[in-house]
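Numbering starts at 1 and runs along the sequence shown.
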Amino acid sequence: MDPLKQQQLATPTVEVYLAIEEQILMNIAKRLKKNQSLLTEDDIMAWQTAQLSMLGSLTQENIITIAKHSGMAIDEVSKALEKAGYTAAGQFEGTLQEAVQMGLLIQPPSIEASVALGSILLAYQNQAKDVFNMVNTTMLQQSQHVYLDIVNQTVGKVLAGVQTPFQAMSDAAKQWANKGIPALVDKAGRQWSTEAYMNMVIRSTVSNVANEMQMTRFQEYGVDLVEVSSHADSRPSHVPYQGRIYSISGRHPKYPPLSETGYGTIEGIGGINCRHVLYPFIEGISKQRYFPYDVEKSRKAYEQSQKQRYLERQIRKAKRELAMMETLGDKEGIEKAKKKVRDRQAIMREFISTTGRTRRREREQIL
């Protein structure tokens, strides 16, 4: 299955969670806009009490926001996994059937009748639902933390006399607009942003179900040799494996075992965020179609792709900050955020002009 297609299948689900994150931030901003008559140095403690009293209603609104969207996310990921899995499994049916007719492979059950393929798909769909439930819970808890942190930061700075009340609140809100609502707090205490974590989880899950269903289909036919695809912006650690042929069983006298590529591990071929594809290689029929890219060219293309993704994230963060400032009614903050958006878009234009890469404007948008 084409790597770009895998990413396209993952995008609708990721966008649902970005919409959840953005709505939660707007829910927070709407409450921060209230009680501004109390947002003075003299009444700052009364403001804090009034804001904290709204935590319950904020939580309820965020529960509704998550519930409203998360059902769509489950539907989207279920469809994405089914399409990715069965597309990958059936991608080479014509070639494999030719090999069966020549007596080189065995005849398996049809794709629709394959119990093994159906079981793999169901397992990944259930796994995705479990991940979504965990993310939903984490985002709800973290939304409370974000709100409390903004309120407490505001009070602390006002009492310390370092900022005016409104500026303190606005700056704290900007920080979280830039950081976003964490979707995961790992064992080391690291907070994963919604965009980063959901992108990683969905893309890797779509890729994994496609890889596993395809590999299972190969094994149903009795295929042992596979060719690793090549693309210019491969991560450096995968460059040595591109365009080469490997043995699934590891027992072929001519070709090395697939396990040498780290296949099945997080960092190996087919791991998290890996976009490589395995193609069946049937001796006597197949011709090698992919060949290793120049290492230096591959490294440069990879670095440029990572830089572009970084610039896209920076533009989205600036736009999210602008949306929060508009909701708060912070005129100065609005102008600063608009300038930040323009400046970051200018940096992107210069980058595109210098590298000749294609600008992906849809990746720069907030929902």
Transitively linked via ILVMFWY side-chain contacts under 4.5 Å: [X] with [Y]?
{"X": "Leu122", "Y": "Leu81", "answer": "no"}
{"X": "Ile106", "Y": "Phe92", "answer": "no"}
{"X": "Leu159", "Y": "Leu52", "answer": "yes"}
{"X": "Ile347", "Y": "Phe351", "answer": "yes"}
{"X": "Ile66", "Y": "Ile64", "answer": "no"}

Supply the atom-to-atom distance [X] [atom1] to [Y] [atom2], rounded to the nearest 0.5 angstrom.
{"X": "Glu227", "Y": "Ile282", "atom1": "CD", "atom2": "CD1", "answer": "12.0 Å"}
{"X": "Leu278", "Y": "Leu258", "atom1": "CG", "atom2": "CG", "answer": "6.0 Å"}
{"X": "Lys300", "Y": "Thr355", "atom1": "NZ", "atom2": "OG1", "answer": "9.0 Å"}
{"X": "Tyr197", "Y": "Asp186", "atom1": "OH", "atom2": "CG", "answer": "9.5 Å"}
{"X": "Gln219", "Y": "Ser249", "atom1": "CD", "atom2": "OG", "answer": "10.0 Å"}
{"X": "Met139", "Y": "Leu184", "atom1": "CE", "atom2": "CG", "answer": "11.5 Å"}

Worksheet item: Has Met134 got more than 12 heavy atoms of other residues, nucleotides or ligands less than 6.0 Å from its CE?
Response: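 Yes, enclosed.
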Discussion item. Counting only heavy atoms from other residues, nucleotides and ligands, does the tally under 6.0 Å from CD of Glu41 exceed 12?
Written reply: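 Count not over threshold, so no.
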If only atom types and distance count, is the side chain of [X] paired as donor or acceptor with the main-chain N or O of [Y] below 3.5 Å?
{"X": "Ser78", "Y": "Ile74", "value": "yes"}
{"X": "Ser353", "Y": "Arg349", "value": "no"}
{"X": "Gln48", "Y": "Ile44", "value": "no"}
{"X": "Glu364", "Y": "Ile315", "value": "no"}
{"X": "Thr65", "Y": "Ile20", "value": "no"}
{"X": "Ser57", "Y": "Met54", "value": "yes"}
{"X": "His145", "Y": "Gln141", "value": "no"}
{"X": "Ser143", "Y": "Leu140", "value": "yes"}
{"X": "Asp43", "Y": "Leu39", "value": "no"}

Worksheet item: Would Ser193 and Met198 satisfy side-chain contact (heavy atoms from CB on, under 4.5 Å), going step by step from the backbone distance to the final call?
Response: CA-CA 8 Å; Ser193 72; Met198 294 309 296; over 6 Å; no
How about [X] and [Y]: does a side-chain donor come under 3.5 Å of a side-chain acceptor?
{"X": "Glu267", "Y": "Ser237", "answer": "no"}
{"X": "Glu220", "Y": "Ser114", "answer": "yes"}
{"X": "Glu112", "Y": "Tyr86", "answer": "no"}
{"X": "Lys179", "Y": "Gln191", "answer": "yes"}
{"X": "Gln91", "Y": "Thr87", "answer": "no"}
{"X": "Asp171", "Y": "Gln167", "answer": "yes"}

Minimum-distance pair of heavy atoms, taken over all atoms of [X] and [Y]:
{"X": "Pro182", "Y": "Trp176", "value": "CD-CZ3, 4.4 Å"}
{"X": "Asn136", "Y": "Ser70", "value": "ND2-CB, 3.6 Å"}
{"X": "Ala323", "Y": "Ile366", "value": "CB-CD1, 4.4 Å"}
{"X": "Arg357", "Y": "Ile352", "value": "O-CG2, 3.2 Å"}
{"X": "Ser53", "Y": "Ala50", "value": "OG-O, 2.5 Å"}
{"X": "Ala210", "Y": "Ala84", "value": "CB-O, 3.8 Å"}

Discussion item. Tyr221 vs Gln97, test: side chain to side chain donor-acceptor pair (under 3.5 Å). Steps then yes/no.
Written reply: CA-CA 9 Å; Tyr221 272 102; Gln97 279 296 317; 2.8 Å; yes
Validation row: [X], [Y] side chains within 4.5 angstrom (heavy atoms):
{"X": "Val155", "Y": "Trp47", "value": "yes"}
{"X": "Met215", "Y": "Tyr263", "value": "yes"}
{"X": "Leu18", "Y": "Glu21", "value": "yes"}
{"X": "Gln101", "Y": "Glu98", "value": "no"}
{"X": "Arg244", "Y": "Val228", "value": "no"}
{"X": "Val16", "Y": "Pro12", "value": "no"}
{"X": "Gln153", "Y": "Met169", "value": "no"}
{"X": "Leu121", "Y": "Leu117", "value": "no"}

Worksheet entry | Check against side chain to side chain donor-acceptor pair (under 3.5 Å), Glu321 and Asn178 | CA-CA 6 Å; Glu321 179 182 317; Asn178 184 65; over 6 Å; no
Worksheet item: Hey, mind stepping through Gln163 and Val158 against side-chain contact (heavy atoms from CB on, under 4.5 Å) and telling me if it holds?
Response: CA-CA 6 Å; Gln163 277 187 308; Val158 171; over 6 Å; no
Worksheet entry | Candidate pair Thr59 and Gln144, rule side chain to side chain donor-acceptor pair (under 3.5 Å), full reasoning | CA-CA 7 Å; Thr59 300; Gln144 297 172 329; 3.0 Å; yes
Quick test of your reading of the model: are [X] and [Y] salt-bridged, counting only N-O distances below 4.0 Å?
{"X": "Glu332", "Y": "Lys336", "answer": "yes"}
{"X": "Glu93", "Y": "Arg217", "answer": "yes"}
{"X": "Glu61", "Y": "Lys30", "answer": "yes"}
{"X": "Asp343", "Y": "Lys339", "answer": "yes"}

Fill in: Phe132-Tyr17 aromatic ring centre distance below 6.0 Å
yes
Discussion item. Run Gln51 and Tyr147 through side chain to side chain donor-acceptor pair (under 3.5 Å) and show every step you take.
Written reply: CA-CA 9 Å; Gln51 294 305 124; Tyr147 183 69; 3.0 Å; yes
Worksheet entry | Working for side-chain contact (heavy atoms from CB on, under 4.5 Å), residues His276 and Tyr241 | CA-CA 10 Å; His276 285 101; Tyr241 310 127; over 6 Å; no
Practice prompt. Go through the steps to decide whether Leu328 and Ile334 satisfy the test side-chain contact (heavy atoms from CB on, under 4.5 Å), and finish with yes or no.
Written response: CA-CA 9 Å; Leu328 287 175; Ile334 290 171; over 6 Å; no
